Amino acid sequence: MSDKALNIGDQFPNFEAETNEGKIDFYEWMGNSWAILFSHPSDYTPVCTTELARVASLVPEFLKRGVKPIALSCDTVESHQGWIEDIKSFGKLRSFDYPIIADDKRELAVKLNMLDKDELNADGIPLTCRAVFIIDEKKKLRLSILYPATTGRNFDEILRVIDSLKLTQTKSVATPADWKPGTDCMILPTVKTEDISELFPNGAVCVAVPSGKSYLRFAPQP
Ligand code: BEZ
């Protein structure tokens, strides 16, 4: 039986795990940073190889945002070490600078509810889906996404979400559909009209709608 699915705002559970960089206590490994934990079905699989190479090339982008990446795959440390050489070769990478958890017994996959019952390996055992967890420095879950094994993730989107999470936790805005950093944001519904000019000195626009309600309020990114 797996544990209850985690919801946004839940405390992310601590765990100990073996990785290609040695044994870690997850909370200690995070320190005061945020983390992105992303899971994979198994080593030496094509989509996973493209994803791990992409994240390796994006390590500076994650670290710039204060987020440490860590992967999980249901194979051993020894297997990860061999696979990393393939990932480096495929991605034309000089180094591979983040850990991969060795969850060969699927303990974490079960604990974190990451198994995909529709995607079985050659032995008929469920594979892990492509889960993404973004965890903040207080160890709270801030985002979770589940992709099927057959669909590789878009890591530009994941960086975009991190930018939105970091912005919206300090400013009175939310980010609209297809928002990109630097473009207009939505003023939160909780902001009173009389407070807008003080909170948004660079201006704000309220879009008229048939209902006559004043809720579509845009402002330049604060
Ligand atoms: C892959 O990484 O390519 C993959 C893994 C499991 C199922 C389908 C694709």
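In what follows, every heavy atom counts, from backbone to side chain, and hydrogens, waters and symmetry copies are set aside. Keep in mind it's a predicted model, so treat the numbers as computed, not measured. Remember, it's 1-based here, ligands and their atoms both numbered in the order they're listed.
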Inset, instruction - Give a yes or no on whether a salt bridge exists between Arg160 and Asp178, defined as a side-chain N under 4.0 angstrom from a carboxylate O. - result: no

Inset, instruction - Look at the aromatic rings of Trp29 and Phe26 and report parallel, tilted or perpendicular, splitting at 30° and 60°. - result: parallel

Legend entry - Geometric class of the His40/Phe38 ring pair [parallel <30°, tilted 30-60°, perpendicular >60°]: perpendicular

Inset, instruction - Please list, chain by chain and in numerical order, all residues satisfying salt bridge (Lys or Arg N to Asp or Glu O under 4.0 Å) with Arg153, sequence neighbours excluded. - result: Glu51

Closer than 4.0 Å to some heavy atom of [X] - which atoms of ligand 1 meet that?
X	result
Pro46	1 (C), 2 (O), 3 (O)
Arg130	1 (C), 2 (O), 4 (C), 5 (C)
Val47	1 (C), 2 (O), 3 (O)

Inset, instruction - Report the residue from Lys68, Arg142, Arg65 that forms a side chain to side chain contact (heavy atoms under 4.5 Å, CB included) with Trp34. - result: Arg142

Legend entry - Nitrogen or oxygen of Thr45 less than 3.5 angstrom from that of ligand 1: yes

Legend entry - Protein residue, atom and distance nearest to atom 7 (C) of ligand 1, heavy-atom basis: Ala149 CB, 3.7 Å

